[in-house]
Participant: 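Below you'll find the structure I mean.
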Amino acid sequence: MRYSHALINTVRETPSEAEVISHRLMLRAGMIHKVAAGIYAYLPLALRSITKISAIVREEMVAAGAQELLMPAVQPAELWQQSGRWDKYGRELLRMHDRHDREFCLGPTHEEVITDIVRAQIRSWRQLPVNLFQIQAKFRDEIRPRFGLMRGREFIMKDGYSFDRDDAGAAATYERMHAAYTRIFERCGLRFRPVEADSGAIGGAFSHEFMVLADSGEDAILSCDTCDYAANQEKATARAPEATPPAANAPAPEAVATPDKKAVDEVAAFLHREPTDFIKTLLYRAGEQTVAALVRGDREVNEIKLAHALGADNLALASDGEVEAATGAPCGFAGPVGLAGDVAVWVDREVAAMATAVTGANHADTHLAGVQPGRDFATDNVADLINADDGDPCPRCAGTLHLSRGIEVGHIFKLGTKYSAAMGATFLNAEGAETPAVMGCYGIGIGRTMAASIEQNHDDNGIVWPVPIAPFTVEIILIRETDAASLEVAAAMERELTAAGHEPLVDDRKERPGVKFNDGDLLGLPYCVTVGPRGLKEGKVEIKARATGERVEVAVEQAVGWLTERCA
RNA sequence: CGGGGCGUGGCGCAGUCUGGUAGCGCACCUGCUUUGGGAGCAGGGAGUCGGAGGUUCAAAUCCUCUCGCCCCGACCA
C-alpha cells in the first residue's frame, strides 16, 4: 500500500473531545471518524486491525468447535416479549416501529434470536451440543457513551451461544470457551487476566470476565499475589475475618457527644479513634422495605452483594428524609441500636466479628461507644457486604489481594435454561422427555479489544502495535521520494515483503523526512524501514523496531529476511 | 435524568463581559528555495459564528426558545 493513496489523515493537534489515550491516538492517527455520540466509522487503518482481531477470534472459535452464522441487527418485539426482556431491558434498548407500526428493536445482544433459531432447528439430543457465534455491530443506547471505541453505543462484538444437553455438557463447553478466550487474547498480544465476575440477574458461579490490565480501565479487579484467584471487585470476597471474643461483663454502651461530626473520618478524628473502630450504618430502600447495612467504618458497601443478600431487584440509598424517619435523627448519626422495628438490619461479616465498636446513636450529635454486636443489636442477618480492597487476605490461600484496573474485553457465562425454557427451545432427550437446552453465552468486544491494546501499548510518540493485530506490519519510509534509486529499492522491497506475507505501507508522500518519521511513530507499525540516498550509498537501509526503539543497519538484500525472522 | 461546560473555515482556539463590515495557529492549494526526526518565503481558497425567533440604525456579541457535543453523577447483558 502506498501512503500517498491511502486514506490516512494524521493530525498534530489532539481533538478536544478525547479523554483517554486510545481515543486520542485513534483520532490523531486518522483511524476513526465520529458520526454521532458513541457512533463511529472505522476508517481503513482501524478496519485492518479489526479484521485481524476478528480473524483470530474466528480461528479460535472454530477450533473450539463453534460455527459462525450471522443474525439480523433488527429484531421483532415479539421475541423479546417471549423472553420477558421487552419490559425489563429499559431505555438502553433502542426501539422503533416499521411502516405497519409493528415494534422492533436494534439488537443489543442476540439471546432471543439465537434461541428462536435453535428451537426451530433442534429436535433431538443427537443434534446437541451446538455452539454458534457471529461477529456483528450491536447497538446499546448507553446513557453516557464515552472514551471513543471503549464505550460506544454502536460497537462490533463477537457473540456466541452454546446449547448443551445437560449441565455437565454446558460446563464442559464453558471450559472450552474459557480456554479459547485465553488463546485469543494471548494471540492478540495483550496482557490480560480472566477474573471471576458477578453474573448479574442470571446468578450462578459460572461467569468470567477477561480483563486487559490498564490503569485507565473502568473496572476494579482484585488478584491474589500467591494463587490464581482473581475477581472483579463487584464479586471479589476476602477471607472471612476471625471473630474477636468480646470482653465478658463489659459495660453497656456509652453515649458520647459528637457535635456536628457526621462522616466516619470526622468522628474518628474528633474521638481520637481509628475508622476501623467504627460501624458505619447505611440505609437503603429495597422496594417497600428499609434496610440498614452495617459495615466497618473504613469499608464501602458493595450494593451488588447487598442486593443478592436481600434477594432485591432494585436497591437505592435512602433519602435524607427516609433516614430521619427510620432513625429519628438527622443523616450522619444512624446506628443499629434502637432502630425502628421495621428496619431490616444486615450485618457485614467483619462487623459481626468485632468485639466492640463505635456507632451512631440515632440521636443528633451523638455516637455510642462500647457497642457489642450480638449483645446490643441482633446479628441474625450476616453476609459479605463490602468491597474487598487492596491488602485484604485471599479467600483461597494465605496470599494477599491486590487492587488493579482492567478493561473488560470478554465475558463468558453459563445461562442455564432461562431463555430456552421461556422460549421453548427444547429437545427430546434419550429417554424421550422434552428438555430445555442448557445455554451459555460468550462475548468479545472487538473494537474495544483494539482500543484496549492501544491503551496498553503506546508511548509519548504514538501507538505501539503488537504484530498480530497491527494494521500493517512494516512501514517503509522514503527519505527522498523523488530519488529514483530509493524508489526502486522501496518498490522491490514492497513486492518481496508482500510475497513473504508481510503487509508493508510505503510512505512515498511528498513530505519532509521529519514529518514521515513522526507520523510513522504515531501510526505505530511494528517495524519501520528507512530508505534514503545516504544509506543506499553503502547498500544499506535502517530498520527500527517500534516497541524497543532498537535500530539496525541492514544490507538492502537482507532486509526482508531480517524482518521475516523478527515477525515470525 | 441531575449538576457543570462548550458550539466561530477540516482541526485547535481568540473575539462575546463593553453590539459597529470575522481573526490567529495548524491543515489545504500554487510557486520558488529546502530535504536523515513535525522547513522558509511569497501568493491563494475556504466560515449563513449550531438553529429559530426577538431587541436594535446595526447582533458572533444582548434576550427567548431549541438542537448538538463534552465532563461529573445515577444506570449498565
Participant: Any luck finding a side-chain donor-acceptor pair between A/Y89 and A/R95 under 3.5 Å?
Facilitator: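 Checked: A/Y89/A/R95 side chains show no N/O donor-acceptor pair below 3.5 Å.
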Participant: Using the C1' atom on both, measure B/A22 against B/C13 and round to a whole Å.
Facilitator: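 Between the two C1' atoms, the distance is 14 Å.
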Participant: Looking at A/Y40 and A/F155, would you say the former's side chain and the latter's main chain have a donor-acceptor pair under 3.5 Å?
Facilitator: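 Judged by distance alone, no pair lies under 3.5 Å.
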Participant: Rounded to the nearest Å, what distance is computed from the OH atom of residue A/Y284 to the P atom of nucleotide B/A74?
Facilitator: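 Going from OH in A/Y284 over to P in B/A74 covers 11 Å.
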Participant: Considering only atom C1', compute the distance from B/A42 to B/G37 and round it to an integer number of Å.
Facilitator: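 About 27 Å, rounded to a whole number of Å.
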Participant: Taking the side chain of A/P533 as its heavy atoms from C-beta onward, which of B/G37, B/G36, B/G73 lies nearest to it?
Facilitator: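 The nucleotide sitting nearest to the side chain is B/G36.
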Participant: Look at the side chain of A/R28 and the backbone N and O of A/T10, then say whether any donor-acceptor pair between them is shorter than 3.5 Å.
Facilitator: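 Side chain of A/R28 to backbone of A/T10, a donor-acceptor pair under 3.5 Å: no, none is there.
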Participant: Whole Å only: how far is the NZ atom of A/K34 from the P atom of B/G68?
Facilitator: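 Value for this atom pair: 13 Å.
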Participant: Can you identify which nucleotide, out of B/C70, B/G38, B/G12, has its nearest atom closest to the A/A37 side chain?
Facilitator: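 That would be B/C70.
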Participant: Taking all heavy atoms of A/D167 and all of A/K414, pick out the closest pair and write down the distance.
Facilitator: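 Residues A/D167 and A/K414, closest heavy atoms: OD1-NZ, 3.4 Å.
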Participant: Is there a donor on the side chain of A/R24 or the base of B/G12 sitting less than 3.5 Å from an acceptor on the other?
Facilitator: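 It does not, because no donor-acceptor pair links the side chain of A/R24 to the base of B/G12 below 3.5 Å.
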Participant: Rounded to whole angstrom units, what separation is found between the CZ atom of A/R509 and the P atom of B/C29?
Facilitator: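 Rounded to the whole Å, the gap is 12 Å.
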Participant: When you compare B/G20 with B/C63, how far apart are their P atoms, in angstrom units rounded to a whole number?
Facilitator: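 About 15 Å, rounded to a whole number of Å.
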Participant: Please determine whether side chain to side chain contact (heavy atoms under 4.5 Å, CB included) holds for the pair A/E111 and A/M423, giving the CA-CA distance in whole Å, both sets of side-chain angles, and the decisive distance to 0.1 Å.
Facilitator: CA-CA 10 Å; A/E111 281 86 0; A/M423 297 180 64; over 6 Å; no
Participant: Check if the side chain of A/D521 and the base of B/G37 share a donor-acceptor pair of N or O atoms closer than 3.5 Å.
Facilitator: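 In this structure, the two groups form a donor-acceptor pair.
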Participant: B/A74 and B/G47: how far apart are their C1' atoms, nearest whole angstrom?
Facilitator: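 Their C1' atoms lie roughly 40 Å apart.
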Participant: So which nucleotide does B/U30 pair with, by the Watson-Crick or G-U wobble rule with both distances under 3.5 Å?
Facilitator: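 Checking every strand shown, B/U30 finds its partner in B/A42, with both distances under 3.5 Å.
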Participant: Quick one: which of B/C71, B/C13, B/U35 gets closest to the side chain of A/E19?
Facilitator: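 The nucleotide sitting nearest to the side chain is B/C71.
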Participant: Is A/R12 near enough to B/G12 that one of its side-chain N or O atoms lies under 4.0 angstrom from OP1 or OP2?
Facilitator: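 Negative; the distance criterion is not met.
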Participant: Give none if B/G25 has no partner; otherwise give the nucleotide forming a Watson-Crick or G-U wobble pair with it, both distances under 3.5 Å.
Facilitator: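 When the pairing criteria are applied, B/C11 turns out to be the nucleotide that pairs with B/G25.
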Participant: Measure the spacing between CD1 of A/I454 and CE of A/M26 and express it to the nearest 0.5 Å.
Facilitator: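 Going from the CD1 atom of A/I454 to the CE atom of A/M26 covers 4.5 Å.
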Participant: Suppose you measure atom C1' in B/A52 against the same atom in B/A60; what distance do you get, rounded to whole Å?
Facilitator: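 Per the computed distance, 16 Å lies between those C1' atoms.
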Participant: Of the candidate nucleotides B/C69, B/C72, B/G37, which contains the atom at the shortest distance from the side chain of A/A36?
Facilitator: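 Shortest atom-to-atom distance from the side chain points to B/C69.
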Participant: Give me the distance, rounded to whole Å, that separates B/A59 from B/G38 when you measure between the P atoms they each carry.
Facilitator: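 Roughly 48 Å separates the two P atoms.
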Participant: Separation of A/I143 atom CD1 from B/G73 atom C1', in whole Å?
Facilitator: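 So the two atoms are 10 Å apart, to the nearest Å.
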Participant: Could you tell me how far apart A/D483 (CG) and B/G36 (C1') are, to the nearest whole angstrom?
Facilitator: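 That distance rounds to 13 Å.
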Participant: Among B/C11, B/C71, B/G36, find the nucleotide with the atom closest to the side chain of A/E13.
Facilitator: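 The listed nucleotide nearest to A/E13's side chain is B/C11.
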Participant: Who does B/G19 pair with, Watson-Crick or G-U, both distances under 3.5 Å?
Facilitator: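 Base partner found: none.
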Participant: On a plain distance test, is the side chain of A/R151 in donor-acceptor contact with the base of B/C76 below 3.5 Å?
Facilitator: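 By the distance-only test, yes, there is a pair.
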Participant: Has the side chain of A/E542 got a donor or acceptor that lies under 3.5 Å from a partner of the other kind on the base of B/G36?
Facilitator: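 Under the 3.5 Å cut-off, the side chain and the base do not form any donor-acceptor pair.
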Participant: Is there a side-chain contact between A/R144 and the phosphate of B/C72, meaning an N or O under 4.0 Å from OP1 or OP2?
Facilitator: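 Yes, A/R144 has a side-chain N/O under 4.0 Å of OP1/OP2 on B/C72.
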Participant: Side chain of A/R146: nearest nucleotide among B/G37, B/G25, B/C75?
Facilitator: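 Looking only at side-chain atoms, A/R146 lies closest to B/C75.
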Participant: With both distances kept under 3.5 Å, what pairs with B/G73, Watson-Crick or G-U wobble?
Facilitator: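 Paired with B/G73, as far as the under-3.5 Å criterion goes, is B/C1.
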Participant: With respect to the side chain of A/R512, which nucleotide from B/G38, B/C71, B/U35 is positioned closest?
Facilitator: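 Within the option list, the nearest is B/U35.
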Participant: Is it the case that the side chains of A/E234 and A/N302 hold a donor-acceptor pair, with the cut-off being a distance below 3.5 Å and no angle test?
Facilitator: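 No, no side-chain donor-acceptor contact under 3.5 Å.
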Participant: Strictly by Watson-Crick or wobble contacts shorter than 3.5 Å, is anything paired with B/C49, and which nucleotide is it?
Facilitator: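 Answer to the pairing question: none, since B/C49 forms no Watson-Crick or G-U pair.
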